[in-house]
Every structure is written in structure tokens, then in C-alpha cells.
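This report concerns only the one structure given below.
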Number of protein chains: 2
Amino acid sequence: MNAKKDNTEDKILDAAQDVFIKKGMDGARMQEIADEAGINKALLHYYFRSKEKLFDAIFGRLIGLAFPRIGRVLQEDIPFVEKVEHVVDTYMDLLLKHPYLPAFIIKEMNRDRSLFFKLIEKYGFNLEFLFAIVQEAMDRNEIVRMKPEHLLVNVIGLCVFPFAVKPVISHVAFDDDKKATQAFYEERRVEIKRFVIRAIQA
Amino acid sequence: MNAKKDNTEDKILDAAQDVFIKKGMDGARMQEIADEAGINKALLHYYFRSKEKLFDAIFGRLIGLAFPRIGRVLQEDIPFVEKVEHVVDTYMDLLLKHPYLPAFIIKEMNRDRSLFFKLIEKYGFNLEFLFAIVQEAMDRNEIVRMKPEHLLVNVIGLCVFPFAVKPVISHVAFDDDKKATQAFYEERRVEIKRFVIRAIQA
DNA sequence: AAAAAGTTTAACCAAATGGTTAAAATATCT
DNA sequence: AGATATTTTAACCATTTGGTTAAACTTTTT
């Protein structure tokens with residue numbers, strides 16, 4: 001029935017995602033998105049009335065990707081350290097698959113906070129629940145005492161930061177050698193776990 | 001002699017910095033910069049021939065700020081752990097004073113890598129020297145063994161990341177409470193030190 | 001004081017850009 | 001097949017935007 005429609009809409013979404021990720025909302029051009037999708041500008045506006053609406057669709061999509069559910073893992077009845085390992089794995093899997101996400105989200109969240117806030121509200125991560133789990137682990141003397149906010153930011157930061165600054169790392173540390181850079185990013189999975197566990201183990 | 005000239009040029013640079021930081025190269029408008037500087041567009045082009053040239057001036061300025069010299073500290077004859085503390089202090093001082101730097105630089109380095117690379121070349125940080133110091137500390141069994149690249153990225157990331165994603169942290173964790181947010185960022189100085197030292201101490 | 005150099009302004013311009021329109025082509029329904 | 005709804009296109013439009021021009025005003029030099 002609407003095989004063609006879906007097809008065109010998907011082509012548009014894919015093209016828009018590519019362009020928006022590369023250029024950001026401000027740098028992206030509707031013409032470029034149309035070209036990349038193999039259609040013309042009017043058709044673009046037929047499917048998505050405005051650049052803003054199209055961008056919102058893409059941004060929503062990517063935000064959905066970027067905030068994985070870590071609730072499940074944390075509820076399991078396993079040592080806290082294993083939970084941390086699991087969270088790191090979840091994030092590293094995601095980031096190795098979508099290395100452009102951090103820079104894109106940082107860029108756009110600073111451009112239009114209200115849109116960003118509106119989008120993440122849907123994924124309402126329950127911080128209290130998360131912090132309670134950290135608290136329990138501290139009370140059980142599994143890990144050293146520290147504010148859960150800092151632990152969370154540290155773990156996420158250790159995973160995400162290197163992707164946000166990939167150009168510097170790749171250029172300065174590995175002379176733009178793709179293989180070496182890739183190896184570094186894959187190493188980080190185990191490296192981060194070791195680092196965090198040493199830092200928090202009681 | 002040229003007090004007025006310097007004055008206008010400075011006004012332009014300050015205004016341009018504000019606008020570029022808030023909107024980025026793509027989002028910034030020459031008219032807005034002119035307005036913010038209290039002059040008109042033609043005068044802007046009289047001082048800086050093009051938007052690109054003006055942006056380059058600002059970007060260069062900010063890159064200069066963002067890559068502090070940490071060589072001095074590392075050369076001192078103090079325990080490695082103290083060197084790390086010193087580096088963290090240096091970065092946190094900088095970031096608390098210029099919290100917008102990380103997001104801005106991440107945005108622009110991803111927009112135009114070649115410009116970014118050209119600019120950082122001037123500050124040619126000597127990675128080999130830096131890594132050698134880490135290696136020595138490991139050989140002296142002051143710290144656990146790990147690739148210096150990871151240690152460097154970890155320490156910088158722990159400092160920089162929270163500033164790059166300040167909108168999320170402020171909104172999600174502190175409900176946009178400015179005081180609480182500020183307190184969190186100030187706490188991180190000691191928090192990061194404790195975290196890193198526990199992670200690397202032999 | 002007159003010339004020269006530097007500074008500032010208002011008006012203007014061409015190109016780019018997001019968006020519209022109306023008609024043609026294609027698919028769907030009866 | 002014919003009417004109807006959907007999809008696609010080319011041509012067009014208004015606005016925004018970076019940048020220019022030519023003239024006026026100030027400051028410095030001689």
C-alpha cells in the first residue's frame with residue numbers, strides 16, 4: 001500500500017540524519033538533504049513541513065538511541081561492581097556503533113535547551129532509583145563512599161568523552177591512523193572498567 | 001594614539017566571542033555581533049574582512065585558553081600523584097572560569113577539523129614527553145601499569161566532560177538550581193582527585 | 001591650516017536559503 | 001475505465017545574510 005511512501009520517508013530520514021549529524025541544525029541545508037535523499041526540495045517539505053520539524057524528528061530519534069535503558073541491569077541481584085561493568089559495556093557498545101552521537105548531542109543540546117529537555121523527558125530516567133542502588137552498595141561496604149552524582153558522571157564521562165573529542169584524539173595521539181585509533185577506542189571498554197573498579201572498590 | 005582603535009577592536013572581539021560561543025560559527029550573525037558591539041556591520045567588516053576571519057581570531061583565542069601548559073608542573077620533582085593533583089587543579093580552575101569552552105570547542109572542532117588542527121599545532125603539546133613521565137612513575141611502582149593514553153584521556157575527561165554536558169546535569173540532576181549546580185562543579189575538584197588517585201595508586 | 005590617513009555610517013547588492021504553488025504523474029478505489 | 005487521492009516535480013518568492021560602496025566625519029601628520 002504505502003511501500004513507496006515508507007521508502008521515501010525513510011530515505012529522507014536517513015539522508016537528514018546524515019546531514020544533520022555532519023553539519024548540525026544550523027549548518028545543514030534542506031537542498032543538501034534533498035540531494036542526499038535523491039529527491040527535490042518540495043518533496044522534502046511535503047513530507048516534513050519545515051526544517052525544524054524534520055530536525056525534531058531526527059533529534060528525537062537520536063536522543064532515543066543515546067539514552068539506553070540501564071534500569072534493568074541495575075535491578076539484577078549481582079555485585080555492584082558487575083553492575084558497573086554492565087553499564088560500561090552497554091554504553092561502549094552503543095558508542096562504538098554510533099561514535100558521532102556525543103558531539104552531535106552536545107552541539108544541539110547547547111543550541112536549543114528547551115527542545116532537548118522536552119525530548120529527554122520522555123525517557124525520564126529515574127535518578128532517585130539509580131542513586132538508591134549506589135547508596136545500598138555503599139551501605140553494604142561494597143564500594144567506597146561518594147556522592148552518587150559524581151560516580152554516575154564519572155562513569156558516563158569516561159565512556160562518552162573520548163568520542164566527543166574524537167578528532168583531537170585521532171589526530172594528536174594517533175596521527176590520524178584509523179586502525180590505531182579504532183584499537184584505542186576498543187581498548188577503553190576494559191580500561192574503563194579496571195579504572196572505575198579500582199577507584200570505587202572498598 | 002590608537003586608544004579608540006583598540007577600544008573598538010576589543011569591543012568587537014568581546015562581542016564576537018559572546019555571540020560565537022552562544023551560537024557557534026554557523027548560528028552566529030554578523031548583524032548580531034555588530035549590535036552587541038554597539039557598531040554597525042560595515043565597521044565590523046572594516047576591522048575583520050570576513051566572518052571567517054573574525055571567527056578564526058576568536059577560535060584561536062579560545063583554543064589558546066583551552067590548552068593550558070601543563071609541562072611545567074609535570075617536570076617538577078614531586079610524587080606523580082601530586083602532579084596529577086596539580087593538573088586537575090589547573091584544568092578545574094580553567095573550566096570553572098570558562099565553563100562554556102568544552103561545548104564550544106567540541107562543536108567547532110567537529111565542524112572544521114583542518115582549522116582546528118592548524119590552530120592547535122601552535123600549542124604543540126609534546127605527548128612523548130608527557131607519556132615518558134607516566135612511564136617513569138610506573139617503572140618506579142608509584143602507580144599501576146596502564147597505557148598513558150588512557151590515563152591522560154581519563155583525567156582530562158573527568159574534568160572536561162561535565163562542563164560539555166552542563167545543560168543535562170543542571171536540569172536532570174539539580175532541577176536547574178544554579179546554586180546546587182555550582183556546588184556540584186566545585187566539589188568535583190576534590191572528587192576527581194580522590195577518584196583518580198584511588199584508581200592509579202599502586 | 002591643509003593634506004593625509006584612519007574611522008564610521010547609511011544605503012545598497014548578489015547569493016543563498018527556507019518555503020510555496022500549481023500542475024503533472026502515479027497509484028488507489030469504485 | 002473513470003474518479004479520487006496521493007506523490008513528485010519545476011518554477012517561483014520573500015527573507016535573510018555576508019559583504020560592498022561611496023561618502024562623511026575624526027584624528028594625525030606636515
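Computed from a prediction, not measured in an experiment: that's the story for all the values here. Chain letters run A, B, ... following the sequence lines, proteins first, then strands; residues in each count from 1.
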**Set of residues satisfying side chain to side chain donor-acceptor pair (under 3.5 Å) with respect to Gln135(A), sequence neighbours excluded** = Asp139(A)

Side chain of [X], heavy atoms from C-beta onward: which of [options] has the nearest atom to it?
X: Ala42(A); options: dG18(C), dT7(D), dT9(D); result: dT9(D)
X: Tyr46(A); options: dT8(D), dT7(C), dG18(C); result: dT8(D)
X: His45(A); options: dT8(D), dG19(D), dT20(C); result: dT20(C)
X: Leu43(B); options: dT8(D), dT9(C), dT20(D); result: dT9(C)
X: Ile39(B); options: dT8(D), dT9(C), dG18(D); result: dT9(C)
X: Asn40(B); options: dT9(D), dA10(C), dT7(C); result: dA10(C)

**Request:** Decide yes or no for Phe117(A) and Val172(B): does some side-chain heavy atom of the first lie under 4.5 Å from some side-chain heavy atom of the second?
**Result:**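 Result no, sub-4.5 Å side-chain heavy-atom pair not found.
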
**Request:** May I ask you to check whether Tyr185(B) and Phe163(B) place their ring centers less than 6.0 Å from one another?
**Result:**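 Yes, ring centres under 6.0 Å apart.
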
**Message:** Whether the side chain of Lys41(A) and the base of dG19(C) hold a donor-acceptor pair under 3.5 Å is what I'd like checked.
**Reply:**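 Such a pair is found, so the answer is yes.
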
**Charged tip of Arg61(B) within 45° of Phe104(B) ring normal and under 6.0 Å** =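 Judged by the rule, Arg61(B) and Phe104(B) form no cation-pi pair.
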
Verify the contact: side-chain N or O of [X] to OP1 or OP2 of [N], cut-off strictly under 4.0 Å; return yes or no.
X: Ser50(B); N: dG18(D); result: no
X: Tyr47(B); N: dT8(C); result: yes
X: Thr8(A); N: dT7(D); result: no

Between atom [atom1] in [X] and atom [atom2] in [N], what is the gap in whole Å?
X: Ile33(B); N: dG18(D); atom1: CD1; atom2: P; answer: 8 Å
X: Glu9(B); N: dT8(C); atom1: CD; atom2: C1'; answer: 15 Å
X: Asp35(A); N: dG18(C); atom1: CG; atom2: C1'; answer: 15 Å
X: Lys51(B); N: dA16(C); atom1: NZ; atom2: C1'; answer: 13 Å
X: Phe48(B); N: dT7(C); atom1: CZ; atom2: P; answer: 12 Å
X: Ile12(B); N: dT9(C); atom1: CD1; atom2: C1'; answer: 14 Å

Donor-acceptor contacts under 3.5 Å from residues 80-88 of chain A side chains, at least two apart:
unit_1   : atom_1 : unit_2   : atom_2 : d
Lys83(A) : NZ     : Leu74(A) : O      : 2.8
Lys83(A) : NZ     : Glu76(A) : O      : 3.4

**Asked** Taking Lys107(A) for the side chain and Pro102(A) for the main chain, is one N or O donor matched with an acceptor at less than 3.5 Å?
**Response**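 No, Lys107(A) side chain to Pro102(A) backbone: no donor-acceptor pair under 3.5 Å.
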
**Message:** Side chains of Asp10(B) and Thr8(B) only: does a donor on one sit below 3.5 Å from an acceptor on the other?
**Reply:** no

**Request:** Can you sort out which residues in residues 23-32 of chain B have a heavy atom within less than 4.0 Å of DNA chain C? Ascending by number, please.
**Result:**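 Under 4.0 Å from DNA chain C: no residue of residues 23-32 of chain B.
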
